[in-house]
There are 2 protein chains.
Amino acid sequence: MIKVAIAEDHQSLVDGINLLLKYEDDISLIGTANDGEELLQLVSKKRPHIILMDIKMPKIDGITATKNILSQYPNTKVIAFSMFDQEEAVQQMVTAGAKGYLLKNSPLEEVLTAIREVHSGNTFFDKSIKPEYVTSSSGVSTKKSILSKSEREILTLIGQGRTTSEIAAIRFTAVSTVEKHRKNMIRKLGLSGKGELLRYALEKKYDF
Amino acid sequence: MIKVAIAEDHQSLVDGINLLLKYEDDISLIGTANDGEELLQLVSKKRPHIILMDIKMPKIDGITATKNILSQYPNTKVIAFSMFDQEEAVQQMVTAGAKGYLLKNSPLEEVLTAIREVHSGNTFFDKSIKPEYVTSSSGVSTKKSILSKSEREILTLIGQGRTTSEIAAIRFTAVSTVEKHRKNMIRKLGLSGKGELLRYALEKKYDF
DNA sequence: CATGACATACCCATTATTGGGTATTTTATT
DNA sequence: AATAAAATACCCAATAATGGGTATGTCATG
């Protein structure tokens with residue numbers, strides 16, 4: 001019997017998956033959580049074999065939750081369940097230790113296949129996930145992003161609508177430094193001007 | 001027998017609802033669509049009584065689709081099914097003619113209640129929808145937003161990361177005009193500076 | 001038809017941001 | 001320890017945006 005837990009903030013979807021799993025007799029849904037915090041408690045109480053993990057969740061996001069859980073219970077298998085197929089999202093979940101990645105656009109039956117595949121030691125990624133996104137061979141961080149740490153940090157703040165001076169204040173650095181990072185990013189990414197950088201930041205942000 | 005159609009880009013959720021409706025014998029799911037265009041075709045072929053309508057969908061968003069459908073088939077009843085409980089989203093759907101509004105965070109059983117209530121001529125709004133959001137008494141536009149038409153248009157573009165000069169080009173107006181509208185919005189809304197205006201635009205945007 | 005709200009467009013001085021540099025210090029990686 | 005990469009911070013001239021005006025034509029409503 002495969003013990004499964006679901007972490008997903010949309011209760012309607014949880015209920016749908018519940019209806020699906022109810023009729024499978026090798027799979028038992030041992031609990032559900034609507035946010036990351038609930039999930040951590042659920043896991044330590046019920047020790048599921050498999051966790052279906054949404055990325056965007058209140059309180060603790062799916063990536064952080066995955067890291068936490070796997071550091072305590074390394075045998076747990078996490079399957080990401082997300083609406084985003086962006087490279088960053090896939091990569092970060094895989095780096096965090098996820099063994100599979102499902103998309104909400106795909107048919108629900110895929111959940112069954114994924115649970116069984118992952119439980120038997122394999123991985124399972126939705127067909128529309130480009131294989132090159134899954135670089136990190138389950139655990140070790142491999143691919144370095146084009147952007148540096150500070151640059152990514154600033155990009156995130158840009159995506160939140162912060163101005164250069166606000167960012168400088170938040171990071172306790174000079175305005176000129178933030179400007180420098182902006183300019184470097186614009187060059188690195190082949191963009192032209194703040195408009196494109198902002199749109200890039202907004203796209204990349206698969207808001208947790 | 002209540003004929004129901006679903007428009008929702010997350011197939012997994014559609015499948016879940018399907019599992020739920022399968023066992024209700026007064027309700028029959030006559031078709032599903034993953035985007036607004038599919039939905040329009042589906043409606044003209046199958047003439048559902050009730051449509052469960054996601055707001056955020058590819059090609060044609062739920063608000064536009066609702067308006068289109070109701071102008072052709074005024075007896076159709078639309079129930080919004082969204083992850084957003086923001087005032088604007090509710091208001092626009094109600095103005096477009098929706099008879100109910102469900103949230104994806106709520107239990108799936110609510111879908112059954114909503115379908116039956118709306119089919120019998122009532123309205124159905126999720127408990128967490130503040131009643132004051134549902135001003136427009138099903139059809140007539142009541143509440144005037146603080147912002148004018150051009151201002152809302154420009155705010156949307158700002159939320160997409162467009163710069164003032166890009167917006168001027170898109171709207172075929174002078175840069176100074178767009179600047180004027182920006183300044184007026186900043187004043188009207190009691191904001192200070194472009195950063196706050198951008199964040200306001202990003203918040204308001206429950207991205208279709 | 002007058003009034004008010006809106007959209008359009010400009011003026012001005014000030015500030016923010018760009019795009020091009022250079023330079024110094026920290027932090028990895030060899 | 002040597003090198004490379006990243007982060008810090010500044011210079012400059014040019015452009016974009018702000019915050020404060022004024023002005024004109026349109027459109028709707030009373």
Side-chain angles (χ1 to χ4, degrees), chain A residues 88 91-92 95 135-136 140-204, chain B residues 88 95 136 140-205:
Chain A
E88 269 74 17
Q91 223 178 80
Q92 287 198 51
T95 305
T135 42
S136 152
V140 198
S141 162
T142 308
K143 192 198 170 186
K144 75 258 161 245
S145 142
I146 319 98
L147 297 178
S148 72
K149 201 170 132 133
S150 290
E151 286 169 343
R152 282 196 304 274
E153 199 178 321
I154 289 172
L155 191 65
T156 302
L157 291 165
I158 291 173
Q160 291 167 7
R162 304 279 164 194
T163 63
T164 300
S165 43
E166 287 171 337
I167 295 172
I170 291 170
R171 292 171 38 89
F172 303 106
T173 60
V175 171
S176 57
T177 302
V178 181
E179 285 173 340
K180 182 61 175 166
H181 283 303
R182 282 186 102 120
K183 287 180 241 182
N184 285 339
M185 281 190 274
I186 289 173
R187 191 148 33 81
K188 275 188 190 180
L189 299 167
L191 308 175
S192 71
K194 76 172 111 180
E196 289 191 10
L197 185 60
L198 174 55
R199 287 195 288 279
Y200 182 88
L202 292 174
E203 272 171 34
K204 282 299 157 201
Chain B
E88 268 74 16
T95 304
S136 152
V140 198
S141 161
T142 308
K143 192 195 172 187
K144 77 252 161 250
S145 144
I146 319 100
L147 297 179
S148 72
K149 200 169 127 115
S150 291
E151 285 169 343
R152 281 198 303 276
E153 199 179 321
I154 289 172
L155 191 66
T156 303
L157 291 165
I158 291 173
Q160 290 166 6
R162 304 279 163 195
T163 62
T164 299
S165 43
E166 287 171 338
I167 294 172
I170 291 170
R171 291 171 38 88
F172 302 105
T173 60
V175 171
S176 56
T177 302
V178 181
E179 284 173 341
K180 183 59 173 169
H181 283 304
R182 281 186 102 121
K183 287 179 242 185
N184 285 340
M185 281 190 273
I186 290 173
R187 191 150 35 80
K188 274 188 188 178
L189 299 167
L191 308 176
S192 70
K194 76 172 114 180
E196 288 190 11
L197 184 60
L198 173 55
R199 287 194 287 281
Y200 182 87
L202 292 175
E203 272 171 35
K204 285 298 158 202
K205 155 180 95 170

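Order of the sequence lines sets the chain letters (A, B, ...), proteins ahead of strands, with each chain counted from 1. As the structure is a computational prediction, the values presented were derived from the model and not from experiment.
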To the nearest angstrom, the CD1-P distance between A/I158 and C/dT17 comes to 10 Å
Using 0.5 Å steps for rounding, measure from the CD1 atom of A/I158 to the CD atom of A/E166. 11.5 Å
Can you tell me how far the CG atom of B/L191 sits from the OH atom of B/Y200, to the nearest 0.5 Å? 7.5 Å
Any side-chain heavy atom of A/L198 sitting closer than 4.5 Å to one from B/T163? no
Straight-line distance of A/L155 CG to A/S150 OG, nearest 0.5 Å: 12.0 Å
Separation of B/Q160 CD from B/L202 CG (nearest 0.5 Å): 10.5 Å
side-chain hydrogen bond (donor to acceptor under 3.5 Å, both in side chains) contacts in which one or both residues fall within residues 167-181 of chain A, not counting sequence neighbours: A/E153-A/R171
I'd like to know if the side chain of B/R199 and the backbone of A/G161 have a donor-acceptor N/O pair within less than 3.5 Å. yes
Phosphate oxygens OP1/OP2 of D/dA7: is one of them under 4.0 Å from a side-chain N or O of A/S150? yes
Sequence-aligned protein contact record of nucleotides 22-30 of chain C, with B where the base is within under 4.0 Å of a protein heavy atom and S where only the sugar-phosphate is: B--------
How far does CG of A/L197 sit from CD1 of A/I186, to the nearest 0.5 angstrom? 5.0 Å
Would you say a side-chain N or O of B/T177 is under 4.0 Å from OP1 or OP2 of C/dA9? yes
DNA chain D-proximal residues of residues 181-198 of chain A, any heavy atom under 4.0 Å: A/H181, A/K194
Does any pair with a residue in residues 182-194 of chain A pass side-chain hydrogen bond (donor to acceptor under 3.5 Å, both in side chains), and if so which ones, sequence neighbours excluded? A/E151-A/K188, A/T164-A/R182, A/N184-A/R187, A/S192-A/E196
Whole-Å gap separating P (C/dA7) and CD (B/E179): 17 Å
Near DNA chain C, counting only heavy atoms under 4.0 Å, which residues of residues 161-176 of chain A show up? A/T163, A/T164, A/S165
What does the inter-axis angle of the helix from C/dC1-D/dG30 to C/dT30-D/dA1 come out as, five pairs per end, nearest 10 degrees? 50°
